[in-house]
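Sequence lines set the chain letters: A, B, ... in the order given, protein chains first and strands last, and positions in each chain run from 1.
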There are 2 protein chains.
Amino acid sequence: MAEGSRPTLVTVAEHARVSRQTVSNVLNSPEIVRPETRERVLRAIEELGYRPNVVARQLRTRRSSVLGLRMPPASDGISGQVLDRFLHALTDEAQRAGLRVMLFTAEDDDAEIREYQTLRATTGIDGFVLANTHAGDPRTQWLCDHDVPFVTVGRPWDDGGAPGASTSDDGLPHKVDDHPWVDIDGRAGTRAATQHLLDAGHRRVAFLGWPEGSGVGDDRLAGWLETLTDAGLAGDAVVQRTEDSVAMGAAAANRVLRDDDVTALVCVSDSIALGALAAARELAASRPDRAPVAITGFDDTPVARAVDLTSVAQPVADVAARAIELLRGQLDARPDSPDASTGVAQDRQVLIEPHLVVRATSRAAR
Amino acid sequence: MAEGSRPTLVTVAEHARVSRQTVSNVLNSPEIVRPETRERVLRAIEELGYRPNVVARQLRTRRSSVLGLRMPPASDGISGQVLDRFLHALTDEAQRAGLRVMLFTAEDDDAEIREYQTLRATTGIDGFVLANTHAGDPRTQWLCDHDVPFVTVGRPWDDGGAPGASTSDDGLPHKVDDHPWVDIDGRAGTRAATQHLLDAGHRRVAFLGWPEGSGVGDDRLAGWLETLTDAGLAGDAVVQRTEDSVAMGAAAANRVLRDDDVTALVCVSDSIALGALAAARELAASRPDRAPVAITGFDDTPVARAVDLTSVAQPVADVAARAIELLRGQLDARPDSPDASTGVAQDRQVLIEPHLVVRATSRAAR
DNA sequence: GTGAAAGCGCTAACAC
DNA sequence: GTGTTAGCGCTTTCAC
C-alpha cells in the first residue's frame, strides 16, 4: 500500500536480491531452485504482498485458464434451476482447479461457433463447456476440427437414439461422437424409480414420456421398460408420449388412468409428473373406490420438493466436477506440459448415476 | 489460415504499408487518421482476418472489459430460474457493450471480498455485479472504499426497511448506501396486483407476506397497503406473515380464509401463492357455497405459468440492461476516457416497474 | 497525420 | 542454480 502501484516480479527480485527469472522459477518450477533461495524469495513475495499478473503471463504463455460457457436462453420449462446449480458447481470446481468460467451468449449454433472463434482469437479462451448438444451438432464438429479442448454435458445422441461411442463407421480424421462428455444415466434413474414402485407392490406401472426421437427421453423410457421386462411384466407395459408441459402431462395421465389396473406412473419429467399429480388427485376425488396412484418425476426440481413429489435427482455437482476433470485432462495434455502421464488415465466419457428421492407421491396410500 | 499463426498489428501494418501505430489508430481513434489511409488499413485487416489480441491490449491499458459476478449457491426456493434469466440477459447486454461476464464463487462475504482482491490483482477485472446484497453489507463498503466500479441488483435496504438514498447522516468519506443500483419496484408490483383485484370487485383483499424486517418483503406489503388505503379499505386490511414455502403458504391462507369475507389474496411470492392455491382449492371443494378466492403471486416463475397463477413479472432483461449501463458509466468515467461527457447524465439508482401477468387464478369465478 | 521508441509483466531460451 | 537476453501484441508518449 505504501508504494504507488502493485509489486511486480522485478520488485520481488530486487527485494530478494535475485534475478527476476529466479522469482519466476520459484513460482512455476519451485523444485529447480535451491531451498534457501526459494525461502528468501517466498519471504519477499509475502512481505510485498506480490500477486502475479495473470494477464502478462497469459500473453507470454498463450494459456488463459479460462473456460467459456454459452448461457442458454432460459428454456421455459419448469425444470429451471438445474442450470443454476450446475453453473454454481462448475464455477466452484473450476476455481478449485485454477480455472475461471466466462459466459457468453449466441443466437444459434452458427453464432456460437463464431463466438468460439472470437473468444479464442481475442481473449485466448482455453476451452469450452457445452450444454444442450443435439444430434449432428455442428459445434462439436467444429471444435474437434479445430482441436479446441471441450467437454459436453450430455451425450452425443445418435439420430437413432442409442448413445454414441459405439459405431466407428469409417476412418474419418475426427470421429465427432467420440469426444469427452459427462452425462447422467437417465436409464438408471427410471430403473430405480420403476423398481421402487414394483417393490411397493405395483404391478401395472405406466410411463409418461416425451415424443419419440429425443435421446434423453428414449433413454429414460428404456430404463422403465427394462425393469418391467426383468420383472416379467413387460406385457403390461403402457406408454403415453406427450410434449413437456403440465397440461399435457395431465391429459396423458387421464388417458392412461382409464385403465383401472394402472396404479403407478413413471414420468419422464417433473412437469409431466405435476400434471399427472393433478389428474390423479381429481380421479381420487371423483372415484374414492379406485386404488390411489403413485407417481414419480424426473429432475428433482424445486417444484418436486414443493409438492412432495418423488423424483429422480441429478447429481449436478458430480457432473460439474467430472466435466472440469475431463477438460483439465485435455488442457494438461497440450504441447508444453509433459505431465500428461501424471494425470490418471481417465475415461473420456463419464456416465453418472442419479438417485431416487422418495417422497409422498410414491409412498403407500395416504 | 495459410500463415502458421495469427496476424498481428505488425502483419497488418506491413500489408497496408503503414506503421503499426497507424493501424492501432485506425482501431482506436479512426477519426484522426486520413480517410484513404484508413481505407487501406481496414482492407488489410479484412484480407488478413486480423483480430486484435485483447490480452495484449489489456496488459497495456490495464482495462480488461471483464465483469465479475459471484454465482450464489442455489437458494432452495421455488423461484429458481430468475437467476438464469438474469444471467442470460446480463451476459447478453454485456456482450453488446463489449464486456464479458466472468463467474466466481465464495463461501461468504469475507471470502467474496478476498476474491475481489484476487480478481483485480491477478486478472484485472474491471468491475462487479452484486446480487443478494443485504443490510450493512461489507462488500459494498469494501468496493466503495477501494474505488472499484460496481452495481448492485437490489437496493441497499436500511436495517429499518425503507429504501436508502435518503438519510445522509454524516460526512463520511463514502456513503455506502449511495452507490449505483438497479432494483425492481416491488411496491409497484403489489400495487398493480391489488388494484387488479379491487377492479375485479374484491373488497377484502388479504396479504400473505414474509416475516417483518426483510426490505423486499416489507416493500411489497407496502404496495398492497397503499392501494387499500387509497381505496378507503385499509380498515379491512388483513396480513399473515410466514416463511417462504408452499406448506407455510397453505397454512397462512387457511388462517386468513377463516374470515368468509376475504375473497382475494395478494401473496409476496409464488411459493406462498402456490400453497394458498392449494388451500383455496380445498376450501372450494369442502364449501361450495363460499365465494371463490382470487390469488396473485410474485416473480412469475415457471411454476406460476404452469399452474396458471396470476403473478407479478420481473422484467429481468431491463434490470440487466440498466445494470450494464450503470457499470459502463463508471468504467468510462475512469482516468483515461474523457468521454465522461458523452454518456447521458444518468441516475445512479434505477427502479424498474414490474408488470402483472393476469392468469386464471385471479379472473372472475370460473 | 504518421512514424519511432519504449514498455506493460511475464516466461522461454540460452548462456554462465 | 542463476542471470541474461528476447520477445508475447499492444498502446502511449513524443518527435517529425
Side-chain angles (χ1 to χ4, degrees), chain A residues 3-42 44-45 48-65 120-124 334-338, chain B residues 3-42 44-45 48-65 120-124 334-338:
Chain A
E3 304 301 319
S5 59
R6 309 192 46 73
T8 78
L9 260 197
V10 185
T11 327
V12 177
E14 282 166 356
H15 198 87
R17 311 179 143 281
V18 293
S19 82
R20 81 143 154 284
Q21 182 50 27
T22 304
V23 181
S24 176
N25 283 339
V26 169
L27 259 31
N28 301 308
S29 325
E31 68 283 0
I32 75 165
V33 70
R34 195 195 311 154
E36 67 182 58
T37 318
R38 197 190 325 166
E39 269 308 309
R40 192 146 40 94
V41 172
L42 286 175
I45 289 179
L48 266 35
Y50 166 78
R51 313 285 303 261
N53 180 326
V54 310
V55 178
R57 171 180 296 166
Q58 184 180 345
L59 179 59
R60 190 69 249 236
T61 62
R62 341 249 60 222
R63 293 186 84 247
S64 64
S65 295
R120 284 188 62 83
T122 68
T123 72
R334 314 236 98 196
D336 25 6
S337 24
Chain B
E3 304 302 319
S5 60
R6 308 193 45 74
T8 79
L9 259 197
V10 185
T11 327
V12 176
E14 283 166 355
H15 198 87
R17 311 179 141 282
V18 293
S19 83
R20 81 141 154 285
Q21 180 45 30
T22 304
V23 181
S24 176
N25 284 337
V26 170
L27 259 31
N28 301 309
S29 325
E31 68 283 0
I32 76 164
V33 72
R34 196 194 311 155
E36 68 182 59
T37 319
R38 197 191 327 168
E39 268 308 308
R40 193 146 40 95
V41 172
L42 286 175
I45 289 180
L48 265 36
Y50 167 78
R51 313 286 304 259
N53 180 327
V54 309
V55 178
R57 172 180 296 167
Q58 184 180 346
L59 179 58
R60 192 66 245 244
T61 62
R62 264 73 254 288
R63 295 184 84 247
S64 65
S65 295
R120 285 192 58 87
T122 67
T123 74
R334 314 237 97 198
D336 24 8
S337 22

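- Between A:N25 and the phosphate of D:dT2, there is no side-chain N or O to OP1/OP2 separation shorter than 4.0 Å.
- Position along DNA chain C of the nearest nucleotide to B:R62 versus B:R17 favours B:R17 as the more 5'-ward residue.
- Nucleotide C:dC8 holds its C1' atom 9 Å from the CG atom of A:L59, rounded to whole Å.
- Between A:T22 and D:dG3 there is a side-chain N or O to OP1 or OP2 distance below 4.0 Å.
- When rounded to the nearest whole Å, the span between CD of A:Q21 and C1' of C:dA12 equals 8 Å.
- One atom, CD of B:E39, and another, C1' of C:dT2, lie 18 Å apart when rounded to the nearest Å.
- Taking side-chain N and O atoms only, A:T8 has no distance below 4.0 Å to OP1 or OP2 of C:dG9.
- Contact annotation: A:N53 side-chain N/O to C:dC8 OP1/OP2 distance is not under 4.0 Å.
- Regarding contacts with the backbone of D:dT11, a side-chain N or O of B:S24 is found under 4.0 angstrom from either OP1 or OP2.
- Following rounding to the nearest Å, A:L9 (CG) and C:dG7 (P) show an atom-to-atom distance of 17 Å.
- When all heavy atoms are compared, the tightest approach of B:V26 to B:P30 is O-CG, 3.3 Å.
- Rounded to an integer number of Å, the gap from B:Y50 OH to D:dG9 P is 10 Å.
- Look at A:T37 and you'll find a side-chain N or O under 4.0 angstrom from OP1 or OP2 of D:dT2.
- Straight-line distance from the CZ atom of B:R63 to the P atom of D:dC10: 18 Å, rounded to whole Å.
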Just do the side-chain contact (heavy atoms from CB on, under 4.5 Å) check on A:L27 and A:Y50 with the steps written out, would you?
CA-CA 11 Å; A:L27 259 31; A:Y50 166 78; 3.8 Å; yes

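- Between the side chain of A:R20 and the base of C:dT11 there is at least one donor-acceptor pair of N/O atoms closer than 3.5 Å.
- Taking both residues in full, the closest heavy atoms of B:R6 and B:G49 are given as NH2-O, 4.0 Å, listed atom of the first, atom of the second, then distance.
- Within 4.0 Å (heavy atoms only), A:V18 reaches sugar-phosphate atoms of the nucleic acid but no base atom.
- In this structure, B:Q58 atom CD and D:dT12 atom P are separated by 14 Å, rounded to whole Å.
- Comparing B:E36 and A:R57 against DNA chain C, the residue whose closest nucleotide sits nearer the 5' end is B:E36.
- Separating the CG atom of A:N28 from the C1' atom of C:dA13 is a distance of 15 Å, rounded to the nearest angstrom.
- Judged by distance alone, the side chain of A:R40 and the main-chain N or O of A:A16 form a donor-acceptor pair under 3.5 Å.
- Residues A:G124 and A:Q58 come closest through the heavy atom pair O-NE2, 4.3 Å.
- In this structure, the nucleotide among D:dT11, C:dT11, C:dG9 sitting nearest to the side chain of B:R60 is D:dT11.
- A close approach under 4.0 Å does occur between a side-chain nitrogen or oxygen of A:R34 and OP1 or OP2 of D:dT2.
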